[in-house]
Amino acid sequence: MQVFLPDGKALDLQNGATALDAASLIGPKLAEQAIGARANGKLWDLLTPLPEGAKLEILTTRKPAEAIDLMRHTLAHVMAQAILEVYGSKGFARDSIKMGVGPVIENGFYYDFDLPEPLKFEELEILENKMREIIARDLKLSRYEVTREQALAEFAGRDRYKTELIEGLPDNEPMTFYRQGSEADFTDLCRGPHIPRTGLIPPHFKLTATSGAYWRGSEKNPMLQRIYGVAFATAAELEKYLWQQEEAKKRDHRKLGKDMDLFTFSDEVGQGLPLWLPKGAFIRKKLEDYMYEKEQEYGYDYVISPHITKEALYHRSGHLPYYADGMYAPIEIEGENYYLKPMNCPHHHMIFAARPKSYRDLPARYAEFGTVYRFELSGALTGLARVRGFTQNDAHIYCAKSQVKEEFIKVIKLFEEVYKDFGISDYWFRLSLPDFENNPEKFGEPGPNWDESIAAIRAALEETGAQFVEGIGEATFYGPKLDVQLRTVVGKEESIATNQLDFIVPSRFDLEFTNANGEKETPVVIHRAIMGSFDRFFAFYLEHTAGNFPVWLAPEQARIITISDRHLDYAKQLEAQMKQQKLRVTVDSSSERMQAKIRDAEIAKVPFILIVGDKEILENAVSVREHGKGDRGKVSTTSLMSEIHERVEKRI
RNA sequence: GCUCGUGUAGCUCAGUGGUAGAGCACUCCCUUGGUAAGGGAGAGGUCGUCGGUUCAAUCCCGACCACGAGCUCCA
């Protein structure tokens, strides 16, 4: 057979030859340095027979990053062998250890084990050292194909997970095993690909975590112990990854929320029910005021609806019984069931329906900072990012089908404006589409409603030039979605806001308007949430800024620090003067040294630190120290105040 | 919800089968110092909750509650 090298040259090989054979034919040096290959663009290992006519590229130790996934995969196997050896030396029989799957994941790998006794987090170091030992042994990997019967026989009676995996494999593909070292070392059912020797694994890996994970991800199955590791081709990458983890820990909104007295939770109040402390509430109110102003500009009408509502409304909306699991249990009052509202749309529909509507009234845009309650799984709760009671930056736009595109353009523009004002630039839209084939019970039948609405959103995206990706099967049952995703400062992807087109529920509420021909017509609804929920947005933004809020949001914009007590009168005067100008300023009149006061103010992340002493008093000035930037020297009081005002105005 | 881990002062965390400690923060006193910690004293805890074992439990056991990691779910 023939394969083709990157320069187009053909290479003649025996049938069943591997990339290693090809490399050896090219040269012994290459064969020695080879760690993997790419066949027709796909990551391939040196042990697997090449397909006829493949475009072949040999990956070498010179560019280890290209083959990092091979190494990660082999590391998972090395970890499995290390588990066998560590538990062996604890006195456990080899067959008492059962294994799930051990795949490559972003940045690393994991392996799921069913262990006779759990591995403690502290033992990860022992395991990791054992892995390094196995790597140092430089075990050679080999690959062989077996029949289903042979594969089953290998695990019969000792590993139900592997047996189950084998039973689920398709008939038409060969089953392959990878062995490192001898039979006494480690052999696993595996589709590959792997590197040829354990000695090629770079030392830049680290076991990071242990956790439980259900066999095959189903809570009906037993829980296995998962061990996670990260691995990189270079020390620099590993360091960067670990740095990012550290940084993420430092920026964790739960930590900052505590340190900066922004919000808290209380056992006695309940899980997932946040208490906003004065400083956090101040910022949240600023966010709400900001959105209110923006929405006024964009033609939204503000509405208000109750937190609790009769059961029947949620039958009509279709939430019950389908969404009952996500709702708090009902409260019975005077023989009727009331629910805490999990969303605002039914109420807005009732507001729309409360008065007859003409096409002249459309689009009707109802906005509400609606507080909703959802019964999230307790294990899913995370600080303010996932709570059970939260306030949405919610709005529903009722419009004719012909207005959908125009309205989506406005929504996209509003997003862009808001995100710009908050310094968020790494975001994109995701158009979520239905998957009729695989989920007909959710999405129903394809039809003009779907086609037209998807086309309208697409057109809006194209017209605004917004960057977007598509996701199949992620739409809602009532229409396509346009989610907003962003990348956080520590590289994590998050979905923060969502916009959904709804062409089904309005008719359940008998919503209608009179069109230009005097006929009744059903509007479509756009559910949109620019900030999503204020709670989650706040959590995100806190991490985004690491708590260094811009001046317009900072609860304390400036702190005056005196050099000695005799400057306190001047400081108080200055405070009064600035407060008159609606600036949020305090005086630190404690008996600490100036250095200590500066440190306190820096830790509190106060944007402006104003130092006053004899020199400043003489010139009616302050010495400005900007948070995180250091001493800026003397500035006149008036120019400082106008600078702050300007920055508040520009939101920087 | 599930598995594992954790719960001691406002915060970060030590510690012990004989009812408890540090640092920071707080209060007071001394210090009046020019850009990230001056010194001293004091106050502060039902050791998450309830039950069990024990002469004795913050410590051992159980249940519950909460938090964390991961899994799962997400109209």
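Lettering follows sequence order; numbering is per chain, from 1. All values derive from a computational prediction rather than experimental measurement.
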If the [atom1] atom of [N] is compared with that of [M], how far apart are they to the nearest Å?
N: B/G68; M: B/G18; atom1: C1'; value: 34 Å
N: B/U72; M: B/A25; atom1: C1'; value: 41 Å
N: B/G42; M: B/C24; atom1: P; value: 15 Å
N: B/C60; M: B/G17; atom1: P; value: 9 Å
N: B/U6; M: B/C13; atom1: C1'; value: 13 Å
N: B/G70; M: B/U58; atom1: C1'; value: 30 Å
N: B/C61; M: B/C74; atom1: P; value: 38 Å
N: B/G23; M: B/A9; atom1: C1'; value: 12 Å

[X] has a side chain; which of [options] sits nearest to it?
X: A/Tyr214; options: B/A75, B/C2, B/U31; answer: B/C2
X: A/Ala596; options: B/A75, B/C30, B/A37; answer: B/A37
X: A/Arg566; options: B/U32, B/U35, B/A66; answer: B/U32
X: A/Gln595; options: B/A66, B/C71, B/A37; answer: B/A37
X: A/Tyr323; options: B/A75, B/U35, B/G1; answer: B/A75
X: A/Glu602; options: B/G38, B/A36, B/U32; answer: B/A36
X: A/Gln271; options: B/A66, B/A75, B/U35; answer: B/A66
X: A/Arg388; options: B/C74, B/G1, B/A66; answer: B/G1
X: A/Ile598; options: B/G34, B/G1, B/A36; answer: B/A36
X: A/Asp614; options: B/C73, B/C67, B/G34; answer: B/G34

N or O in side chain of [X] less than 4.0 angstrom from [N] OP1/OP2:
X: A/Lys615; N: B/G34; answer: no
X: A/Ser591; N: B/U31; answer: no
X: A/Tyr322; N: B/C74; answer: no
X: A/Arg254; N: B/G68; answer: yes

A/Phe477-B/A75 aromatic stacking (under 5.5 Å, under 30°):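 Stacking is absent between B/A75 and A/Phe477, given that the ring centres and planes do not meet under 5.5 Å and under 30°.
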
CA sep, side-chain torsions, deciding dist, call: A/Ile526, A/Leu501, side chain to side chain contact (heavy atoms under 4.5 Å, CB included): CA-CA 5 Å; A/Ile526 299 167; A/Leu501 188 74; 3.6 Å; yes

Pairing residues for A/Phe415 by the ring pair (Phe, Tyr, Trp, His ring centres under 6.0 Å) criterion, not counting sequence neighbours: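 Testing A/Phe415 for ring pair (Phe, Tyr, Trp, His ring centres under 6.0 Å), a comparison that skips the adjacent residues, returns A/Tyr419, A/Phe429.
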
Is it the case that the side chain of [X] and the backbone of [Y] share a donor-acceptor pair, with hydrogens and angles ignored and the cut-off at 3.5 Å?
X: A/Asp159; Y: A/Met99; answer: yes
X: A/Arg226; Y: A/Tyr110; answer: no
X: A/Glu616; Y: A/Gly613; answer: yes

At under 4.0 Å between heavy atoms, what does [X] touch on the DNA or RNA strands: base, sugar-phosphate, or nothing?
X: A/Arg226; result: sugar-phosphate
X: A/Leu224; result: nothing
X: A/Gly630; result: nothing
X: A/Asp325; result: nothing
X: A/Ser623; result: base
X: A/Arg386; result: base

Under 3.5 Å donor-acceptor pair, A/Glu616 side-chain atoms to B/G34 base atoms: yes

Heavy-atom donor-acceptor pair, A/Tyr110 side-chain to B/G70 base, under 3.5 Å: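 Absent.
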
Steps toward side chain to side chain contact (heavy atoms under 4.5 Å, CB included) verdict (A/Glu643, A/Val635): CA-CA 10 Å; A/Glu643 180 189 342; A/Val635 177; 5.5 Å; no

Bracket notation of RNA chain B in which parentheses pair within the strand, [ ] cross earlier pairs, and | pairs with another strand (Watson-Crick or G-U, under 3.5 Å): (((((((..((((....[..)))).(((((.......))))).....(((((..]....))))))))))))....

Check: A/Phe109 ring centroid to A/Tyr111 ring centroid under 6.0 Å: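 When the ring centroids of A/Phe109 and A/Tyr111 are compared, they turn out to be at least 6.0 Å apart.
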
Ring centroid separation A/Tyr366 to A/Tyr398 under 6.0 Å: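 Yes, close enough.
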
Side chain to side chain contact (heavy atoms under 4.5 Å, CB included) evaluation trace for A/Ser636 with A/Glu619: CA-CA 8 Å; A/Ser636 84; A/Glu619 294 175 39; over 6 Å; no

Verdict with supporting geometry, A/Arg316 and A/His349, side chain to side chain contact (heavy atoms under 4.5 Å, CB included): CA-CA 11 Å; A/Arg316 189 165 185 181; A/His349 297 343; over 6 Å; no

side-chain hydrogen bond (donor to acceptor under 3.5 Å, both in side chains) between A/Gln500 and A/Thr476, worked out: CA-CA 8 Å; A/Gln500 306 169 350; A/Thr476 70; 5.1 Å; no

Interface polar pairs with nucleotides 4-12 of chain B, N/O, under 3.5 angstrom:
{"from": "B/U12", "atom 1": "OP1", "to": "A/Lys258", "atom 2": "NZ", "distance (Å)": "3.1"}

Result of checking A/Arg559, A/Arg632, A/Lys605 against A/Glu626 for salt bridge (charged side-chain N to carboxylate O under 4.0 Å, His left out):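 Per the salt bridge (charged side-chain N to carboxylate O under 4.0 Å, His left out) rule, the option paired with A/Glu626 is A/Arg632, out of A/Arg559, A/Arg632, A/Lys605.
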
